[in-house]
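Encoded as structure tokens, the structure appears first; notes follow it.
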Amino acid sequence: MARGRVTDLAVRNQIIQQHQNGIPQREIGRTFRLAQFTVCSIIKRFTKTENSRPGKDPGRTLTMSDREVRLFRRHIRKNRHMSVADLVSWARQSFVKTISEASTSRYIKSRG
């Protein structure tokens with residue numbers, strides 16, 4: 001979770017530009033009144049992802065919408081002794097999506 005104030009995207013781009021021009025991180029921090037660690041984090045994210053936007057790296061895309069997740073959770077609670085294969089076949093019929101058994105098991109394990 002992010003703490004402190006959010007640095008603007010334009011400021012982030014200026015920090016990256018100054019870094020590419022060879023200005024030291026400490027001096028960049030002084031000009032923008034930011035901690036050296038913040039400047040270092042912005043530069044590190046840019047060199048790692050070639051993107052100056054803050055936030056988490058994109059991961060696996062969700063296969064189900066929030067509504068489908070709620071329905072699935074309700075179905076699991078009502079039929080707690082149902083096998084994973086039966087849950088998967090129910091989800092495939094109900095949501096008309098391909099959902100793997102591994103995704104279902106991972107969902108059950110993470111949600112309890």
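Note that these values count all heavy atoms, side chains included, but never hydrogens, waters or copies made by symmetry.
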Straight-line distance of Ile16 CD1 to Arg45 CZ, nearest 0.5 Å
10.5 Å

Aromatic ring pairing Phe95/Trp90, orientation class (parallel under 30°, perpendicular over 60°, tilted between)
perpendicular

Heavy atoms, side chains only, cut-off 4.5 Å: are His19 and Phe46 in contact?
no

CG/Leu87 to CZ/Arg80 distance, rounded to the nearest 0.5 angstrom?
12.0 Å

I need the minimum non-hydrogen distance between Gln25 and Cys40, along with the two atoms involved.
OE1-CB, 3.5 Å

Please find the pair of heavy atoms, one from Ala91 and one from Ile99, that lie closest to each other, and give the distance.
CB-CD1, 3.9 Å

Check the pair Glu68 / Lys97 against side chain to side chain contact (heavy atoms under 4.5 Å, CB included), numbers first and verdict last.
CA-CA 11 Å; Glu68 292 168 342; Lys97 291 183 178 180; 3.0 Å; yes

Please examine the side chains of Met82 and His75, heavy atoms only from C-beta on, and report whether any two atoms are closer than 4.5 Å.
yes

Under 3.5 Å, is there a donor-acceptor pair linking the side chains of Asp86 and Ser89?
no

Answer yes or no: is there a donor N or O on one side and an acceptor on the other, between the side chain of Ser105 and the main chain of Glu101, under 3.5 Å?
yes

Checking side-chain hydrogen bond (donor to acceptor under 3.5 Å, both in side chains) for the pair Ser41/Thr38: CA distance, chi angles, key distance, verdict?
CA-CA 5 Å; Ser41 297; Thr38 305; over 6 Å; no

Do Ile43 and Leu9 share a hydrophobic cluster, counting only Ile, Leu, Val, Met, Phe, Trp and Tyr and linking them when any side-chain heavy atoms are less than 4.5 Å apart?
no

Donor-acceptor contact below 3.5 Å, side chain Gln18 vs main chain Ile15:
no

Expected output: side-chain Arg12 to main-chain Ile42 donor-acceptor under 3.5 Å
no

Val69 reachable from Leu71 in the ILVMFWY side-chain graph, under 4.5 Å edges:
yes

Same apolar cluster: Phe72 and Val88, side chain cutoff 4.5 Å
no

Spatial distance of atom CZ (Arg26) from atom OG1 (Thr31) [nearest 0.5 Å]:
13.5 Å

